[in-house]
Amino acid sequence: VISDNTGADVCHRLAGIDAIRATIKKLGLSGTTAELTCRRLVLGLFKDAPADLPMAEYLRRADADSFELSTRLYDDPAIPNDWATPRDMTDFFTKLYKGEVVSPAASRGMMEIMGRCQTNRRIPCLLPDEGPQKAKVIHKTGTIPWVTNDCGIVLSGNCVYALALFHNGFGAAEADRESANRAD
């Protein structure tokens with residue numbers, strides 16, 4: 001319910017890159033790669049940053065402009081990186097909602113967790129929170145320097161839709177950056 005880069009890195013390590021690649025391919029997510037752990041991804045965003053700092057310290061120093069940010073991960077497609085497209089993310093969440101990613105029971109469990117996401121200043125922020133059109137949002141946010149995303153499923157009234165918001169150019173609210181900085 002609180003985005004945690006360390007948790008993502010543990011899952012990445014336990015699953016292994018070969019299984020991650022196979023799952024991405026099986027799901028037909030042709031615009032998605034997950035080659036790097038969050039730690040390696042964030043470390044790759046800084047010029048001359050020491051390799052032994054906790055993740056929260058990298059992000060805190062980035063916010064304070066203590067490190068010069070590097071664009072090499074964005075500029076050079078030959079460098080391993082993590083990529084996704086809005087189309088892939090809407091496809092993924094649609095499949096998750098239909099129970100096609102993992103078992104229907106596991107899908108419901110994943111959606112229940114994402115339905116309690118604590119970063120609600122993106123997709124949910126202007127949606128109705130009461131009455132007949134009350135929106136339930138099942139989503140996952142992402143925040144690193146220069147990139148702010150939110151992807152998920154919105155259920156409102158009789159409507160269900162997948163939505164992916166990608167912003168390339170660091171525009172997260174201060175509270176979102178502080179939340180990202182707490183993840184270690």
Side-chain angles (χ1 to χ4, degrees), residues 1-12 24 27 29 31-32 34 36-39 41-42 45 54-65 69 82-102 104-184:
V1 299
I2 298 173
S3 185
D4 185 333
N5 293 327
T6 301
D9 286 354
V10 168
C11 291
H12 195 282
I24 289 169
L27 293 172
L29 306 176
T32 298
L36 305 177
T37 62
C38 295
R39 181 176 186 77
L41 177 64
V42 169
L45 296 174
M55 178 75 76
E57 183 62 13
Y58 288 118
L59 296 173
R60 188 194 68 72
R61 289 186 186 187
D63 270 352
D65 294 325
L69 292 172
D82 291 353
W83 294 98
T85 65
R87 166 76 60 202
D88 276 3
M89 291 301 96
T90 56
D91 287 350
F92 172 80
F93 275 94
T94 299
K95 289 175 182 181
L96 182 67
Y97 182 76
K98 292 179 176 181
E100 298 172 357
V101 173
V102 289
S107 294
R108 286 189 300 274
M110 291 167 63
M111 289 187 298
E112 190 277 325
I113 291 168
M114 287 186 283
R116 294 185 287 125
C117 180
Q118 298 296 303
T119 306
N120 290 312
R121 287 172 295 282
R122 296 178 193 167
I123 291 175
C125 75
L126 296 176
L127 296 175
D129 59 2
E130 56 186 40
Q133 297 300 313
K134 178 180 179 178
K136 176 167 179 57
V137 181
I138 299 161
H139 66 122
K140 172 65 181 90
T141 61
T143 306
I144 60 172
W146 295 329
V147 178
T148 304
N149 301 329
D150 197 358
C151 307
I153 297 289
V154 177
L155 301 98
S156 180
N158 294 326
C159 297
V160 177
Y161 56 94
L163 179 63
L165 304 175
F166 281 40
H167 176 69
N168 195 2
F170 200 74
E174 181 65 30
D176 289 345
R177 289 196 303 272
E178 288 173 11
S179 174
N181 289 348
R182 283 194 303 271
D184 184 38

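Only a predicted model underlies this, so the values are computations on that prediction, with no experimental measurement involved. In what follows, every heavy atom counts, from backbone to side chain, and hydrogens, waters and symmetry copies are set aside.
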### Query
Does D88 have any side-chain hydrogen bond (donor to acceptor under 3.5 Å, both in side chains) partners at least two apart in sequence or in another chain, and if so, which?
T32
### Message
So, taking the atom named NZ in K136 and the one named OG in S156, what distance separates them when rounded to the nearest 0.5 Å?
### Response
12.5 Å
## Note on the structure
Value for CG (L163) from CD1 (I138), rounded to nearest 0.5 Å, stands at 12.5 Å
#### Entry: Sidechain-backbone polar pair: N149 side chain, G142 backbone, donor-acceptor under 3.5 Å
no
### Query
In Å and rounded to the nearest 0.5 Å, what is the CG to CE distance from L29 to M89?
5.5 Å
#### Entry: By side chain to side chain contact (heavy atoms under 4.5 Å, CB included) - contacts of E112 (at least two apart)
R116
### Task
Can you measure from CG (L165) to NE2 (H139) and round to the nearest 0.5 angstrom?
10.5 Å
### Task
With side-chain hydrogen bond (donor to acceptor under 3.5 Å, both in side chains) as the test, would you mind laying out the steps for H167 and D150 before giving the verdict?
CA-CA 9 Å; H167 176 69; D150 197 358; over 6 Å; no
## Note on the structure
Rounded to the nearest 0.5 angstrom, the CZ-CG distance for R39 and D9 is 8.5 Å
### Task
To the nearest 0.5 angstrom, please state how far the CG atom of L155 sits from the OH atom of Y161.
9.0 Å
### Query
Given D82 and H12, is the side chain to side chain contact (heavy atoms under 4.5 Å, CB included) satisfied, shown in steps?
CA-CA 12 Å; D82 291 353; H12 195 282; 5.6 Å; no
### Task
Could you pull out the closest heavy-atom pair between P86 and A164, with the gap in Å?
O-CB, 3.7 Å
### Message
So which atom in V154 and which in A135 form the shortest heavy-atom distance, rounded to 0.1 Å?
### Response
CG1-CB, 4.3 Å
Let me have the donor-acceptor pairs involving side chains of residues 91-99, under 3.5 Å, with sequence neighbours excluded, atom names and distances please.
from, atom 1, to, atom 2, distance (Å)
T94, OG1, T90, O, 2.8
K95, NZ, L27, O, 2.4

### Message
Could you walk me through whether I153 and M114 satisfy the side chain to side chain contact (heavy atoms under 4.5 Å, CB included) test, starting with their C-alpha distance in whole Å, then the side-chain angles of each, then the deciding distance to 0.1 Å, before giving a yes or no?
### Response
CA-CA 10 Å; I153 297 289; M114 287 186 283; over 6 Å; no
### From C125, P124, C117, residue fulfilling side chain to side chain contact (heavy atoms under 4.5 Å, CB included) relative to V137
P124
#### Entry: Partners passing side chain to side chain contact (heavy atoms under 4.5 Å, CB included) against P104 (at least two apart in sequence or in another chain)
R108
